[in-house]
Amino acid sequence: AEKPVAGVDLGIDRMAQVSDGVYFENPRALKQALAKLKRLQRVVSRRQKGSANRQKAVRRLAKAHFRVSNIRKDALHQATTLLAKTKSAIVLENLNVSGMVKNRHLAQAIADVGMHEFRRQLQYKGAWYGCEVFLADRFFPSSKRCSRCGSEKELSLAERVYRCEGCGQVMDRDLNAAINLEQLLYL
């Protein structure tokens, strides 16, 4: 049987929204561990340089950072492997992640998702499992375009539901963007 085609919208609320309705939750590993990391960092900075207790504190801090990294990696690998194995073609946004991280209000949340790593993994796993990965043009209005009638409207980041004035369609903003990405293959 022919495997389906999918559009994937990457985001902060949900790590990835697939056009067939499936989504992958963002584990927010850094956000969950931030208080602990701050406390451990404080402990390190209060220990005398060169002491055995400072070395122990540094190891504890490193272990906490390692755990955050592993939680994020696990979520990314699970999502990308499932997509690469079950789809024949995937359309991803060609996001300017380094530019997005310059927004100091969103930088930490964007870095916590690992968007560039998601794309990197999907590309090499796609080659492994025979799934073509296409990148949508950076300026393709996937979030602003209605997936039913094609009309466009401006949308703020706070608006989580897409409401089309043209045809009256109301749906989740990320799902609408994912469907638009999928339709890009047929345009």
Side-chain angles (χ1 to χ4, degrees), residues 3 6-87 89-136 157 160 172-175 177-178 181:
K3 292 191 249 178
V8 178
D9 179 61
L10 298 176
I12 295 172
D13 277 356
R14 294 176 175 167
M15 181 172 62
Q17 170 73 55
V18 188
S19 54
D20 60 10
V22 173
Y23 61 89
F24 299 96
E25 219 43 78
N26 179 4
R28 298 176 193 263
L30 180 66
K31 191 174 181 184
Q32 300 286 325
L34 210 53
K36 183 178 184 177
L37 289 170
K38 284 180 180 177
R39 184 177 51 76
L40 290 171
Q41 182 59 59
R42 225 171 19 248
V43 170
V44 169
S45 67
R46 287 178 179 161
R47 297 289 177 260
Q48 187 162 353
K49 285 187 178 162
S51 71
N53 280 335
R54 185 184 173 102
Q55 284 178 339
K56 280 188 239 169
V58 166
R59 273 197 300 273
R60 274 197 296 273
L61 177 63
K63 192 174 176 184
H65 274 293
F66 186 58
R67 182 171 190 277
V68 168
S69 166
N70 284 343
I71 291 170
R72 184 181 303 121
K73 278 182 195 162
D74 179 58
L76 286 167
H77 275 297
Q78 297 224 11
T80 54
T81 302
L82 182 77
L83 286 170
K85 280 184 170 179
T86 58
K87 308 294 179 203
I90 292 174
V91 184
L92 264 180
E93 294 170 293
N94 185 9
L95 295 171
N96 177 14
V97 179
S98 53
M100 290 161 66
V101 174
K102 287 179 182 156
N103 175 346
R104 61 191 181 92
H105 301 289
L106 294 174
Q108 197 173 61
I110 289 168
D112 200 9
V113 176
M115 292 178 178
H116 189 272
E117 182 63 11
F118 188 96
R119 172 176 150 184
R120 190 189 72 79
Q121 285 183 19
L122 202 53
Q123 285 176 318
Y124 80 75
K125 288 176 185 179
W128 283 357
Y129 299 116
C131 168
E132 282 188 274
V133 177
F134 298 98
L135 295 175
L157 273 174
R160 300 312 309 160
D172 179 73
R173 167 207 183 114
D174 297 335
L175 180 59
L181 288 166

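These figures come from a predicted structure and were not determined experimentally.
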ask   = When you measure from the side chain of Thr81 to the backbone N and O of Gln78, does any donor-acceptor pair fall under 3.5 Å?
value = no
note = Residue set satisfying side-chain hydrogen bond (donor to acceptor under 3.5 Å, both in side chains) with Thr80, at least two apart, ordered chain then number -> Gln121, Lys125
inquiry  = Testing the 3.5 Å rule here: is there a donor-acceptor pair between the side chains of Gln108 and Asp112?
reply    = no
query = Which distance, rounded to the nearest 0.5 Å, do you find between the CG of Asn53 and the CZ of Arg47?
reply = 6.0 Å
task = Taking the side chain as every heavy atom from C-beta outward, state whether Leu106 and Leu157 have any atom pair closer than 4.5 Å.
result = yes
task = Applying salt bridge (Lys or Arg N to Asp or Glu O under 4.0 Å), name anything that partners Arg173, two or more places apart in sequence or on another chain.
result = none
request  = Output yes when a side-chain donor or acceptor of Asn26 lies under 3.5 Å from a complementary backbone atom of Ile12, and no otherwise.
outcome  = yes
query = Without hydrogens or angle criteria, can the side chains of Asn70 and Lys73 be said to hold a donor-acceptor pair below 3.5 Å?
reply = no
inquiry  = Assess whether a salt bridge exists between Asp13 and Arg160, defined as any Lys/Arg side-chain N lying under 4.0 Å from an Asp/Glu carboxylate O.
reply    = yes
remark   = dist Met15:CE -> Tyr23:OH (nearest 0.5 Å) comes out at 12.5 Å
ask   = Can you tell me how far CG of Leu10 sits from CZ of Phe24, rounded to the nearest 0.5 angstrom?
value = 11.0 Å
ask   = With a 3.5 Å cut-off and no angle check, do the side chains of Gln123 and Arg120 form a donor-acceptor pair?
value = no
Inter-residue atom distance Gln17.CD - Glu25.CD, 0.5 Å rounding = 10.0 Å
ask   = Just how far is it from atom SG of Cys131 to atom CD1 of Ile90, taken to the nearest 0.5 Å?
value = 4.0 Å
Check: Leu82 main-chain N/O paired with Thr86 side-chain donor or acceptor under 3.5 Å = yes
Contact summary for Leu181 and Ala136, nearest pair of heavy atoms = CD2-CB, 3.5 Å
task = Output the distance between atom CE (Met115) and atom OG (Ser98), rounded to the nearest 0.5 Å.
result = 12.5 Å
inquiry  = Whether the side chain of Lys49 engages the backbone of Arg54 through a donor-acceptor N/O pair (distance < 3.5 Å, no angle test) should be reported.
reply    = no
